[in-house]
Participant: 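Just passing along the structure, written as C-alpha cells.
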Amino acid sequence: MADTIFKKILDGEVPCHRVYEDGRVLAFLDVNPLSHGHTLVIPKEPAETLDQLSDDSAQAVGRVLPRIVRAVLLGTGARDYNILQNNGANAHQVVKHVHFHIIPKYDDGSGLGIGWPAKKLDSDEAEALAQSIRGAVAPTGVHRAVGK
Ligand code: AMP
C-alpha cells in the first residue's frame, strides 16, 4: 500500500491538530471541515478500507469512537452529528487509509448533507440475500471480499 497523507501524519512527517491518541488510534481535526469540529478518527494500522481492518484495530477504534464523539460535542457545543466512513473511490473515499469522520450538524444546516434515494426491499429476494450475507460472515479476522 502506497503511503497516504494519513501515514505521513502518523509518522510525524505532516502536522495535524491532534485531539486524541493511543497505541492503536489517532484522532485529529479535518483540514477541510464540513462543519465546526469535523474530526477524523483513524486506526494506526495502514488498512485501506474497513473490510481490510484487523479485529484488534477495529476493536480499538470502536472502543474510543464514542468517547471522542463526546469530546467533540463538549468541545464545540454541538448536539447532533453524523459518523461517515467512506470505502472506495466510487463511495467518495479520497484518502486510502481507513478513517471515520465525526461531523457535527448544526441548526444552521452546516455539516453533512445526505442524499438518501431509498427503494423498497424486494420481499421475494430479501431472504436469499440475507442468507447469502449471513453465510459469508466469518467468525473472526480479515477475509478478502469479492472484487477486492
Ligand atoms: P474521504 O473522502 O472520506 O477520503 O475524506 C478524507 C478527508 O481527509 C477529507 O475530509 C480531507 O479534508 C481530509 N484530509 C486530507 N488531508 C488532510 C490532512 N493533512 N489533515 C487533516 N485532514 C485531511
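Every number for a ligand or one of its atoms is a count from 1 in the order of the listing. Both backbone and side-chain heavy atoms feed into the values below; hydrogens, waters and symmetry mates do not.
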Participant: If we check side-chain contact (heavy atoms from CB on, under 4.5 Å) with Phe28, which of these qualifies: Val19, Thr39, Ile42?
Facilitator: Ile42
Participant: Within a distance under 4.0 Å of any heavy atom of Leu29, pick out the atoms of ligand 1 and give their elements.
Facilitator: 21 (C)
Participant: Indicate, as side chain, backbone, both or neither, the part of Asn32 found under 4.0 angstrom from ligand 1 when only non-hydrogen atoms are considered.
Facilitator: both
Participant: Report yes if some N/O of Gln93 lies less than 3.5 Å from some N/O of ligand 1; otherwise report no.
Facilitator: no
Participant: Could you tell me if any non-hydrogen atom of His99 lies under 4.0 Å from any atom of ligand 1?
Facilitator: yes
Participant: Hey, is Asn86 touching ligand 1 through its side chain, its backbone, both or neither, going by heavy atoms under 4.0 Å?
Facilitator: side chain
Participant: Looking at Pro43 and Ser57, what are the two nearest heavy atoms and their distance?
Facilitator: CB-CB, 4.2 Å
Participant: Quick check: Val94 and ligand 1, any N/O pair under 3.5 Å apart?
Facilitator: yes
Participant: Please state whether the rings of Tyr106 and His36 are parallel, tilted or perpendicular, taking 30° and 60° as the class boundaries.
Facilitator: tilted
Participant: Do Thr49 and Gln93 have side-chain atoms, one donor and one acceptor, less than 3.5 Å apart?
Facilitator: no
Participant: Does the side chain of Ile103 reach to within under 4.5 Å of the side chain of Tyr81, using non-hydrogen atoms?
Facilitator: no
Participant: With a cut-off of 4.0 Å, which atoms of ligand 1 are near a heavy atom of His101?
Facilitator: 1 (P), 3 (O), 5 (O), 7 (C), 10 (O)
Participant: Taking the side chain as everything from C-beta on, heavy atoms only, tell me whether Leu10 gets closer than 4.5 Å to His97.
Facilitator: yes
Participant: For ligand 1, indicate whether the residue His92 contacts it via side chain, backbone, both or neither (heavy-atom separation under 4.0 Å).
Facilitator: backbone
Participant: Hey, looking at atom 17 (C) of ligand 1, which of Val14, Asp30, Val31 has the closest heavy atom?
Facilitator: Val31
Participant: With backbone taken as N, CA, C and O and side chain as the heavy atoms from C-beta onward, which portion of Leu84 lies under 4.0 Å from ligand 1: side chain, backbone, both, or neither?
Facilitator: neither
Participant: Output yes when the distance from some N or O of ligand 1 to some N or O of Ile9 is under 3.5 Å, and no in every other case.
Facilitator: no
Participant: Are side-chain heavy atoms of Val72 and Val69 found at a separation under 4.5 Å?
Facilitator: no
Participant: Identify, by atom number and element, the atoms of ligand 1 in contact range of Ile5, meaning under 4.0 Å from any of its heavy atoms.
Facilitator: 16 (N), 19 (N)
Participant: Please list, in number order, the atoms of ligand 1 under 4.0 Å from a heavy atom of Leu40.
Facilitator: 8 (O), 13 (C), 22 (N)
Participant: Using atom types as modelled and distance alone, determine if a side-chain donor or acceptor of Lys44 lies under 3.5 Å from a backbone N or O of Asp22.
Facilitator: yes
Participant: Can you tell me how the ring of His38 sits relative to the ring of His101, calling it parallel under 30°, perpendicular over 60° and tilted otherwise?
Facilitator: tilted
Participant: With respect to atom 15 (C) of ligand 1, which of Phe6, Phe28, Phe100 exhibits the smallest heavy-atom separation?
Facilitator: Phe6
